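Worth saying up front: this structure is predicted, and the values here are computed from it rather than measured. Within every chain, numbering begins at 1; the chains are lettered A, B, ... in the order of the sequence lines, protein sequences first and strands thereafter.
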Amino acid sequence: MAARRRRVANRWRRQARRFGITALFVAVAAGLWHFQERELRDGLSWQGVTTWQELTPLSFHRVLRNDGFLVGWSDVRVNPLWVSYLLHDVEDPNAGPRPGFQRDWRALWPISPDSYFGSGYDRGHLAPNYAIAAVHGSAAQRDTFLMSNMSPQRPDLNRRLWQRLEEVVMDRFVPRFGTLQVITGPVFPASFRDNVLNRVGLVEVPEAFYKILVVPGEEPRALAFLMPQRVAGDESLDDFLVSIDELEARTGLDFFPQLPEAAAVALEAEVETAGWGLEAVARLPGRF
DNA sequence: TTTAATGT
């Protein structure tokens, strides 16, 4: 009788030890994953990964790590709230042929490549095809065609004004400064009714789009644009300059959470165009 | 320098 009780107790002890070892292994593996993931994210962002100022259902998002860029994906708005990437000067910039749009299976909702069909909106890249492909290669280029990198854009914005801005960034600013951190994304209407109803299928339609350019360094400089959906397309780019503070107020995001307060004030409070040579490129004609 | 994308 006593021998049998001892056998049972021993079996339980062995089970407990086995469970403990498994739990320890899982904890260590999760810790290693977390540490490595944080390193990889930090390598794709300047002064910290963009996050919300206050956590609400509309500001909640999760970070999708792609080849060459990060996406702050919202399953509530069914949009990227921001994308973040680095561009640097390359010898012979060129991109392969456009690989075609793909569903992103990490998204909660089924957003297929044809889900904008007949809506009157373009599948607008946030992380751009050409610049990402030229700097980060063809695997990164394929990732820019994931539907998690798209937001509904009016054709006159996407193909004209926004395209001109993307071209100036890659062809003028990147060679001029060597390295550029870019954060870009949509701005949504304040009206809850629009948030719920103004959608292409499941995808909420933004009212505007922002793009932030930062030249990293001891004394970083930044330029920020806010462009509405309805544009003619041939406007001067400097018509759309805003401060980063204004974009943080409109989006509820903190774009550079590790930037010290004094540096943030210097960089974000005012529109400062000195040194960018914007006047020379603000009216360059579109490609299409 | 076809770096945007639709609809056929």
Rounded to the Å, how far apart are [X] [atom1] and [N] [atom2]?
X	N	atom1	atom2	answer
Q153(A)	dT6(B)	CD	C1'	14 Å
M227(A)	dA4(B)	CE	P	15 Å
N129(A)	dT2(B)	CG	P	14 Å
F288(A)	dA4(B)	CZ	C1'	4 Å
L284(A)	dT1(B)	CG	P	15 Å
D114(A)	dA5(B)	CG	P	16 Å
Q163(A)	dT6(B)	CD	P	15 Å
H136(A)	dT3(B)	NE2	P	18 Å

The side chain of [X] lies closest to which of these nucleotides: [options]?
X	options	result
R98(A)	dT1(B), dT6(B), dA4(B)	dA4(B)
F117(A)	dG7(B), dA4(B), dT2(B)	dG7(B)
E167(A)	dA5(B), dT3(B), dG7(B)	dT3(B)

Query raised in the report: Is the count of non-hydrogen atoms from other residues, nucleotides or ligands lying under 6.0 Å from R106(A) atom CZ greater than 12?
Result: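 It does: R106(A) CZ has more than 12 such atoms within range.
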Requested in this report: Determine the interplanar angle of the F177(A) and W276(A) rings, folded into 0 to 90°, and report it as parallel if under 30°, tilted if 30 to 60°, perpendicular if over 60°.
Outcome: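 If you compare the ring of F177(A) with that of W276(A), the planes turn out perpendicular.
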[N] phosphate, OP1 or OP2: any side-chain N/O from [X] under 4.0 angstrom?
X	N	answer
N94(A)	dT1(B)	no
H125(A)	dA5(B)	yes
N158(A)	dA4(B)	no
R123(A)	dT6(B)	yes

Query raised in the report: Looking at R283(A) and D234(A), does any basic side-chain N land under 4.0 Å from a carboxylate oxygen?
Result: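 No, this pair does not count.
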Query raised in the report: How is the base pairing of DNA chain B summarised as a dot-bracket string, given the Watson-Crick and G-U wobble criteria with both distances under 3.5 Å, [ ] for crossing and | for another strand?
Result: ........
Query raised in the report: Are N198(A) and E204(A) linked by a side-chain donor-acceptor pair shorter than 3.5 Å?
Result: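 Short answer, no.
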Query raised in the report: Under 4.0 angstrom, heavy atoms only, what part of the nucleic acid is R160(A) near: base, sugar-phosphate, or nothing?
Result: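 Answer is nothing: R160(A) stays at 4.0 Å or more from every strand.
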Report task. Using a heavy-atom cut-off of under 4.0 Å over every strand shown, decide if G286(A) touches base, sugar-phosphate, or nothing. Result ->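 No contact.
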Report task. State whether the distance check finds a donor on one side and an acceptor on the other, under 3.5 Å, for side chain D171(A) versus base dT3(B). Result ->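 Result: at least one qualifying N/O pair found.
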Query raised in the report: For F117(A), which residues count as a ring pair (Phe, Tyr, Trp, His ring centres under 6.0 Å) partner, sequence neighbours excluded?
Result: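 None.
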Requested in this report: With P as the reference atom in both, quote the distance from dT8(B) to dA4(B) in angstrom, rounded to an integer.
Outcome: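 Roughly 22 Å separates the two P atoms.
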Which atom pairs, one a donor and one an acceptor, fall under 3.5 Å between side chains of residues 22-41 of chain A and the rest of the protein, sequence neighbours left out?
residue: T22(A); atom: OG1; partner: R18(A); partner atom: O; Å: 3.0
residue: E37(A); atom: OE1; partner: R65(A); partner atom: NE; Å: 3.2
residue: E37(A); atom: OE1; partner: R65(A); partner atom: NH2; Å: 2.9
residue: E37(A); atom: OE2; partner: R41(A); partner atom: NE; Å: 3.0
residue: E37(A); atom: OE2; partner: R65(A); partner atom: NE; Å: 3.2

Query - Upstream residue (5' side of DNA chain B) when A95(A) and Y121(A) are each assigned their closest nucleotide - result: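 Per heavy-atom nearest nucleotide, the more 5' residue is A95(A).
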Query raised in the report: Quick one: on DNA chain B, does M170(A) or R159(A) contact a more 5' nucleotide (nearest heavy atom)?
Result: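 Between the two, 5'-proximity favours M170(A).
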Query raised in the report: Quick check: does any side chain N or O of R77(A) sit under 3.5 Å from a backbone N or O of P206(A), one acting as donor and the other as acceptor?
Result: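 No; judged by distance alone, with no hydrogens or angles, the pair does not exist.
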Requested in this report: Would you sort out whether W82(A) and H61(A) count as a side chain to side chain donor-acceptor pair (under 3.5 Å), showing the intermediate values?
Outcome: CA-CA 10 Å; W82(A) 52 266; H61(A) 59 267; 3.0 Å; yes
